[in-house]
There are 2 protein chains.
Amino acid sequence: MSNNRISMAVIRRLPKYHRYLRELLDKGINRISSKELSEIIGFTASQIRQDLNNFGGFGQQGYGYNVEDLYNEIGLILGLTNTYSTVIVGAGNLGQALANYNFGTHGFKLEGMFDVNPKLIGLKIRDIEIKDMDLLQGEIKNKNIDIAYICTSKDAAQEVADRLVKCGVKAIWNFAPIDLKIEDENIIVENVHLIDSLLTLSYFLKDQ
Amino acid sequence: MSNNRISMAVIRRLPKYHRYLRELLDKGINRISSKELSEIIGFTASQIRQDLNNFGGFGQQGYGYNVEDLYNEIGLILGLTNTYSTVIVGAGNLGQALANYNFGTHGFKLEGMFDVNPKLIGLKIRDIEIKDMDLLQGEIKNKNIDIAYICTSKDAAQEVADRLVKCGVKAIWNFAPIDLKIEDENIIVENVHLIDSLLTLSYFLKDQ
DNA sequence: TGCAATTAGTTAATTAATTGACAAATAAAT
DNA sequence: ATTTATTTGTCAATTAATTAACTAATTGCA
């Protein structure tokens, strides 16, 4: 099942399936065909069937898919049955925003926040106290942190990443506008490059 | 030049070229070959040449590319010589974070912030006062706003989008975890679905 | 000046991703 | 119970994206 030949294109569609299936569940819909799903999600029915079949035959001919089962299966594929411990590094506006997002409901438990700014240190966001960056390594090892969200400035990000990797973080969710250089290929790095997104918008706007 | 047969894959690489060229410029490097660029940016040299050639022949055989010229050309392609007026709708943590990002330096001038929360209304972020959401339509028309950043909750996002479109906004940068339904095909919608990004990270983490 | 090295632009080949088509299984209707 | 509708899983066809190969231009050095 956890076949690593699955293409990135497919993987990046999985959260969207998960999102739409959650909505269907909430509406009390318990059965859906690839054709119906295609109409609400905007992928072709063929693509939906192809995508899902990468992970197993979750449907039934003549019936379609059971919404709850499929939702759970995709949750499983995405690893949402696991619980991960996380920290936020850089507790400025963005870091605080992420703290308030409460990804904990999806299994990402926030265990700490760190910053260098004395004005922020000591502040509490949702019961999490912002601590001095000097305490980063110790706490990460202590609390066995899996994922770090980097919300520092561009200039601080690489150094922070190096420290994180050194103390055994498994994944980095990077919001700094830089491509981190990480030697260890086993460390997962997922970037959210806001400026890239905005410039893409700008590209399309220009032609209007 | 503004050929709209350019593939999305190419377009989404443009901001990354722009970012790396800026870095080269800052380092005082004024000449680069596709091969050298490929080594720092991580695309193949062939892909770099293909990508750039979608927009014109910016290089010179035997020489490579002039960094400053190429940087400017890509800036032009991305529409960064234009100035756009923007507003933030939803002035919670994320909205405030975006206000502080200061995208104004890239030509995206923040002209207003709006929220329904009385505790936020009146507050000033970087000289921009958060105003009552009721004033949204009027100000958008008044100030001829081009782009709105939607930073509201999932539940409020669609209604906000409808109102924005009605008063002539040209593009929406959407941070709410929902796919907005916009009738008018000319309206640009660029999504930043944080949860999708985090779930993708989770997918890869699960297999480790 | 002439020659080897470099390098873009471009075409061709390859690989990847998406869409289409259809058999087999199931559900629903009569 | 039989027939007709659906609808998946899968394979084939198509389209898109990436990589490789090559030509011609330019550079830089002897």
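Both backbone and side-chain heavy atoms feed into the values below; hydrogens, waters and symmetry mates do not. Each chain gets a letter, A, B and so on, in the order the sequences are listed, and its residues count up from 1.
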dA24(D) P sits how many Å from Asn53(B) CG, rounded?
17 Å
Between Leu70(A) (CG) and dT7(D) (P), how many Å, whole number?
15 Å
Send over the distance from Arg49(A) CZ to dT6(D) P, rounded to a whole Å.
15 Å
Which whole-number value in Å describes the distance from Ile11(B) CD1 to dT18(D) C1'?
17 Å
Take the protein atom CD1 of Ile48(B) and the nucleotide atom C1' of dT7(C), then report the distance between them rounded to whole Å.
13 Å
Walking DNA chain C from its 5' end, the first of Ser46(A) and Gly62(B) to be reached, judged by nearest nucleotide, is Gly62(B)
Please classify the glycosidic conformation of dA25(C) as syn (within 90° of 0) or anti (everything else).
anti
Would you please confirm or rule out a distance under 4.0 Å between OP1 or OP2 of dT18(C) and any side-chain N or O of Gln47(A)?
yes
Whole angstrom is fine here: how far is it from CZ in Phe55(A) over to P in dT8(D)?
17 Å
How long is the line joining CG of Leu52(A) and C1' of dG9(D), in whole Å?
11 Å
Would you indicate whether the side-chain heavy atoms of Gln158(A) and Leu180(A) approach each other to under 4.5 Å?
yes
According to a strict under-4.0 Å criterion, is Tyr65(A) in side-chain N/O contact with OP1 or OP2 of dT26(C)?
no
Pairing check on dT11(C): which nucleotide meets the Watson-Crick or G-U wobble criteria with it, both distances under 3.5 Å?
dA20(D)
For a quick test of reading the model: is some side-chain N or O of Thr44(B) closer than 4.0 Å to OP1 or OP2 of dT18(D)?
no
Is Ser7(B) touching bases, backbone alone, or none of the nucleic acid, heavy atoms closer than 4.0 Å?
sugar-phosphate
If the cut-off is 4.0 Å, is Gln60(B) near the phosphate of dT26(D), judged by side-chain N/O to OP1 or OP2?
yes
Please give me the minimum heavy-atom distance between Ile48(A) and Ser34(A), naming the atom from each residue.
CD1-O, 3.6 Å
Is there a donor and acceptor pair, one atom on the side chain of Gln50(A) and one on the base of dT19(C), closer than 3.5 Å?
yes
Does a side-chain N or O from Arg13(A) land closer than 4.0 Å to OP1 or OP2 of dT18(C), or not?
yes
Any chance you could lay out the side-chain hydrogen bond (donor to acceptor under 3.5 Å, both in side chains) test for Tyr101(B) and Asn93(A), step after step, and finish with the verdict?
CA-CA 9 Å; Tyr101(B) 255 82; Asn93(A) 288 94; over 6 Å; no
Using Watson-Crick geometry (N1-N3 plus N6-O4 or O6-N4) or G-U wobble (N1-O2, O6-N3), each under 3.5 Å, dT26(C) is paired with none
Is Glu36(B) side chain donor-acceptor paired with the dT6(C) base, going by distance under 3.5 Å alone?
no
Please determine if a side-chain N or O atom of Ser34(B) lies less than 4.0 Å away from the OP1 or OP2 oxygen of dA8(C).
yes
Gln61(B) side chain: which of dT19(C), dT7(C), dT19(D) is closest?
dT7(C)
State whether Arg31(A) places a side-chain N or O below 4.0 Å from either non-bridging phosphate oxygen (OP1 or OP2) of dA28(C).
yes
Which residues satisfy the ring pair (Phe, Tyr, Trp, His ring centres under 6.0 Å) test with Phe204(A), sequence neighbours excluded?
none
If you count the non-hydrogen atoms of other residues, nucleotides and ligands that lie under 6.0 Å from NZ in Lys154(A), is the total more than 12?
no
Please report the distance, rounded to the nearest Å, between NZ in Lys35(B) and P in dT27(D).
20 Å
So Ile130(A) and Asn117(A), do their side chains get closer than 4.5 Å, heavy atoms only?
no
